[in-house]
Number of protein chains: 2
Amino acid sequence: MATRAKYHHGDLRTALVDAALELIAEHGLEALSVAEAARRTGVSAAAPYRHFPTRGDLLRAAAIRAAELLVTDLRAAVARATCPGEQLAETARAYVRFVIEHHAGLDLIFDARLRVGDQALAEAGRAVMNVLLPVAMDITGDAHAALDLLEKYTAAAHGYAALHLSGFLRGRAPEVETIADRAAEISAALTRAAGHSG
Amino acid sequence: MATRAKYHHGDLRTALVDAALELIAEHGLEALSVAEAARRTGVSAAAPYRHFPTRGDLLRAAAIRAAELLVTDLRAAVARATCPGEQLAETARAYVRFVIEHHAGLDLIFDARLRVGDQALAEAGRAVMNVLLPVAMDITGDAHAALDLLEKYTAAAHGYAALHLSGFLRGRAPEVETIADRAAEISAALTRAAGHSG
DNA sequence: GTCTATAGTAGGATAGAC
DNA sequence: GTCTATCCTACTATAGAC
């Protein structure tokens, strides 16, 4: 939405990925069309195919870019807090904001259909988890328990974001920050539970 | 998938809704096409439009049917358990199974785009919540806390189901029942948390 | 109530010019 | 590397016959 100055002068590929993320943010994964991405970057419908053989390849590239953006947001969230519990809560907030803003999150990054034979996407996904794992480990002390905590906490945060996007929570919690806080509360509850049984 | 005997002999409408749910179950909301639903019920592409003016109307009908099916499942889950905590856990399991089986849940039933001006869908959604609310009330004793618990617990269950569908959890928890158990665990953790602070 | 036929739209993808 | 032109496919929706 910001600077779209001298695109398609050497960096159409990046411009297309940006447009793809925009389209996904507006109407979800399925709404991504190569033609529309081309339109938005000011090139012909055929131009993208020089950079992405199929629609799936553009989608994959968008997923990788999303992973990179998410890593940035999560790292910032970790840095904002001091104790592990707060760090986890902050990443929960960050994740909720990310999913609501981009209309996609771990579901896109770890999409089973996209991952088939794509090493770069698998690597990007791993990078995301590598931000969260140490935080969870600091809380549980145990690797198995950390994965368990991570799984539950991502599920909760993702569910909150997904239900907000659909409209289910609009009545009770219309604001993004409210949703983010709720996810952080679950994170806190899970952190406490891990402290007892871990 | 079962009995498709003498359809389109008086009940094409129902057959189309069944087909619509099948399509959604297979490839998600966006994959629902009137043409394909017609094909599956053995009628021409034009036939559905006698029963549903637009694709959106078929989708709405499918959402209402989904709500009815979910109510049935949730009621059965409540009946399976005795104490409120177990009841909530059982409904969490039931919800996860439902979403994974139908590729849709509260997100479809409460979809903001579908609800515009549809009283029947709003009513169907309310019916779902009316199954869960008493259970939550039994746990918290307080209406506000009950809604809070309900919100958190549905978010967690929905997130688990959604992440499983996308493929994110396939590595660690490939089985539906494993996912259902995990959601039940969160439900239990939230029930305990509600007991402390509610 | 269902059919055939059809109009209109939109997207994925390729061929060949520049 | 991008363009124009084109093909093919699939879907929504309508008109009019039966």
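Since the structure is predicted, the reported quantities are computational estimates derived from the model, not experimental observations. Residue numbering restarts at 1 for every chain, and letters A, B, ... go by the order of the sequence lines.
At a cut-off of 3.5 Å, with distance as the only test, no side-chain donor of Thr54(B) or Tyr49(B) sits close to an acceptor on the other residue.
A salt bridge does not link Glu175(A) to Arg182(A): none of the charged side-chain nitrogens sits closer than 4.0 Å to a carboxylate oxygen. Salt bridge Arg97(A)/Asp73(A): absent, no basic N to carboxylate O contact under 4.0 Å. One finds a salt bridge joining Asp57(B) and Arg60(B) here, because a Lys/Arg side-chain nitrogen approaches an Asp/Glu carboxylate oxygen to under 4.0 Å. Ion pairing between Glu90(A) and Arg75(A) fails under the 4.0 Å rule for side-chain N and carboxylate O. Salt-bridge check for Arg115(A) with Asp111(A): failed, with every basic side-chain N at 4.0 Å or more from each acidic carboxylate O. At a threshold of 4.0 Å, the pair Asp18(B)-Arg40(B) does not count as salt-bridged, since none of the basic side-chain nitrogens sits closer than that to a carboxylate oxygen.
Atom CG of Leu23(A) is separated from atom CD of Glu36(A) by 5.5 Å, given to the nearest 0.5 angstrom. Rounding to the nearest 0.5 Å places CG of Asp118(A) at 5.0 Å from CD1 of Ile64(A).
If you take CD of Glu36(B) and P of dT9(D), they are 16 Å apart, rounded to a whole angstrom. With rounding to whole Å, Leu23(A) atom CG is found 10 Å from dG12(C) atom P. Between Arg40(A) atom CZ and dA10(C) atom P there is a gap of 14 Å when expressed in whole angstrom units. Rounded to a whole Å, the CG atom of Leu32(A) is 14 Å from the C1' atom of dA10(C). The separation between His51(A) atom NE2 and dA13(C) atom C1' is 16 Å, rounded to whole Å. Distance Glu30(B) CD to dC11(D) C1': 14 Å, rounded to the nearest Å. The CG-C1' distance, from Leu16(A) to dG11(C), rounds to 16 Å in whole Å.
Within the 4.0 angstrom heavy-atom criterion, no nucleotide atom of any strand lies near Arg13(A). Residue-level contact check: Ser33(A) touches the backbone only, with heavy atoms under 4.0 Å from sugar-phosphate atoms and none from bases.
In the set dC3(D), dC11(D), dT2(C), the nucleotide with an atom closest to the side chain of Leu12(B) is dT2(C). Residue Ala35(B) places its side chain closer to dT12(D) than to any other of dT4(D), dT12(D), dC3(C).
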So which protein nitrogen or oxygen atoms get under 3.5 Å of nucleotides 13-18 of chain D's nitrogens or oxygens?
{"from": "dA13(D)", "atom 1": "OP2", "to": "Arg55(B)", "atom 2": "N", "distance (Å)": "2.8"}

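Defining each end axis of the helix from dG1(C)-dC18(D) to dC18(C)-dG1(D) as the rotation carrying four pairs' C1' atoms onto the next four, with five pairs an end, the two axes are found to diverge by 0° to 10 degrees.
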